[in-house]
Amino acid sequence: MRPDAVILYGPPAAGKDTVTAALTALDDRYVHFDRLKVGANAGAPYRAVSADELDCLQAEGAILYANERYGNVYAIDRPRLDDLTTAGRVPVVHLGQVAGIHTLHAEYPARWVTVLLWCPREVTATRARERGSTDVAERLTVWDETKTDLAAAGLDVFDLVLRTDQRPPDEAAVHIHRALTDRTRTVTGQVL
């Protein structure tokens, strides 16, 4: 049987970290997938690697998906997903590109629950300022890019669509947990 896994997709400050924390509080099988990062401030919640190390991993076929953003490179590697799923954990992967969703669905055999976490642009700006981000303008540019990416893809790629400005993180976590554990109901594209 394929392992369970979750993808949280959304613009900056949509609540991916907060909802992940709520999921891990709800059930200790959930674990934030710590992507590889090449670039500045490559500490937690990332695993720092050099550009050469990332190139070697790519040459070995260990990298499932990589993207550039904020002047850094972020990557999702198969060995880390394997380690987590083999241990009975449910990785929660954060993404900001629909291409990454398609790649993970095609390349990694898991029972993915794919969730769009959404909030309006002004909410992203407020949250970014409140958490002390010094690059709010850049975060808003990424919000715009995410909206364009989402408009081109449509909602069919998502099992759930959750507005994080309209519900608390623990409630969002319960919806995601139910979608993962109750496979008897169809949730594709369900807006909650």
Side-chain angles (χ1 to χ4, degrees), residues 2-25 27-117 124 127-128 131-135 138-139 141-143 145-146 149-150 153 157-159 169 173 176 180:
R2 294 185 306 166
D4 291 327
V6 175
I7 295 171
L8 299 181
Y9 168 94
K16 294 181 286 292
D17 288 330
T18 307
V19 171
T20 299
L23 279 167
T24 61
D27 187 323
D28 64 4
R29 290 177 304 146
Y30 293 102
V31 62
H32 177 256
F33 179 83
D34 48 346
R35 290 179 292 166
L36 298 170
K37 182 177 180 182
V38 177
N41 303 317
Y46 303 101
R47 290 174 287 138
V49 294
S50 69
D52 288 341
E53 290 170 317
L54 185 62
D55 289 344
C56 287
L57 289 168
Q58 287 175 318
E60 295 168 1
I63 301 301
L64 295 166
Y65 180 74
N67 68 289
E68 292 185 40
R69 187 155 276 167
Y70 307 117
N72 303 302
V73 177
Y74 302 89
I76 298 169
D77 61 310
R78 182 182 303 276
R80 179 69 172 148
L81 281 173
D82 288 343
D83 288 346
L84 293 172
T85 58
T86 299
R89 306 300 297 272
V90 179
V92 181
V93 179
H94 297 182
L95 282 170
Q97 305 80 28
V98 172
I101 294 170
H102 292 306
T103 299
L104 289 182
H105 280 254
E107 299 295 326
Y108 196 81
R111 293 182 340 147
W112 292 103
V113 169
T114 305
V115 183
L116 166 60
L117 298 180
T124 286
R127 288 176 177 172
R131 68 183 187 192
S133 295
T134 57
D135 58 352
E138 190 172 1
R139 303 257 171 208
T141 297
V142 172
W143 188 98
E145 292 168 357
T146 305
D149 187 42
L150 183 58
V157 71
F158 301 102
D159 297 304
I176 295 166
L180 187 79

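Note that the structure is predicted; figures quoted are calculated from it, not measured.
- At least one cation-pi condition fails for Arg78 and Phe33: the charged atom is not both under 6.0 angstrom from the six-membered ring centre and inside a 45 degree cone around its axis.
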**Asked** Would Thr103 and Ile76 satisfy side-chain contact (heavy atoms from CB on, under 4.5 Å), going step by step from the backbone distance to the final call?
**Response** CA-CA 10 Å; Thr103 299; Ile76 298 169; over 6 Å; no
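- Heavy atoms only, all atoms of each residue included: Ala22 and Pro169 are closest at CB-O, 3.6 Å.
- The closest side-chain heavy-atom distance from Val93 to Leu81 is below 4.5 Å.
- A distance of 6.0 Å separates CD1 in Ile101 from OG1 in Thr114, rounded to the nearest 0.5 Å.
- Side-chain atoms of Asp77 come within 3.5 Å of backbone N or O of Arg80 as a donor-acceptor pair.
- Among residues two or more places apart in sequence or in another chain, the side chain to side chain donor-acceptor pair (under 3.5 Å) test is passed with Asn72 by Tyr74.
- Lys16 places a side-chain N or O within 3.5 Å of a backbone atom of Pro11 that can act as its donor or acceptor partner.
- Note: Leu95 CG to Leu116 CG = 12.0 Å, rounded to the nearest 0.5 Å.
- Proximity of a side-chain donor or acceptor of Asp4 to a complementary backbone N or O of Val90 within less than 3.5 Å is not detected.
- In this structure, Gln58 CD and Leu64 CG are separated by 11.0 Å, a value rounded to the nearest 0.5 Å.
- Thr18 OG1 to Leu23 CG: the interatomic distance, rounded to the nearest 0.5 Å, is 11.0 Å.
- For Asp83, there are no side chain to side chain donor-acceptor pair (under 3.5 Å) partners, not counting sequence neighbours.
- Between Thr124 and Pro12 the shortest heavy-atom distance is OG1-O, 2.8 Å.
- Using a 30° and 60° split on the angle between ring planes, Phe158 and Tyr9 fall in the tilted class, from 30° to 60°.
- By the 4.5 Å heavy-atom criterion applied to side chains, Ile176 and Leu180 are not counted as neighbours.
- Paired with His94 under the rule side chain to side chain contact (heavy atoms under 4.5 Å, CB included), one option of Asp34, Ile7, Asp17, Leu117 passes, and it is Asp17.
- Rounding to the nearest 0.5 Å places NZ of Lys37 at 12.5 Å from CZ of Arg69.
- A cation-pi arrangement is present between Arg139 and Tyr70 under the rule of less than 6.0 angstrom and at most 45 degrees off the ring axis.
- Taking Glu60 as the reference, nothing meets the side chain to side chain donor-acceptor pair (under 3.5 Å) condition, with sequence neighbours excluded.
- Scanning both residues, Leu54 and Ala75, for their nearest heavy atoms gives CD1-CB, 3.7 Å.
- Between the OH atom in Tyr108 and the CZ atom in Arg2 there is a gap of 11.5 Å [rounded to 0.5 Å].
- Distance alone, capped at 3.5 Å, is enough to place a donor-acceptor pair between the Arg127 side chain and the Ala13 backbone.
- In this structure, Arg35 contributes its side chain and Val73 its backbone to no donor-acceptor pair below 3.5 Å.
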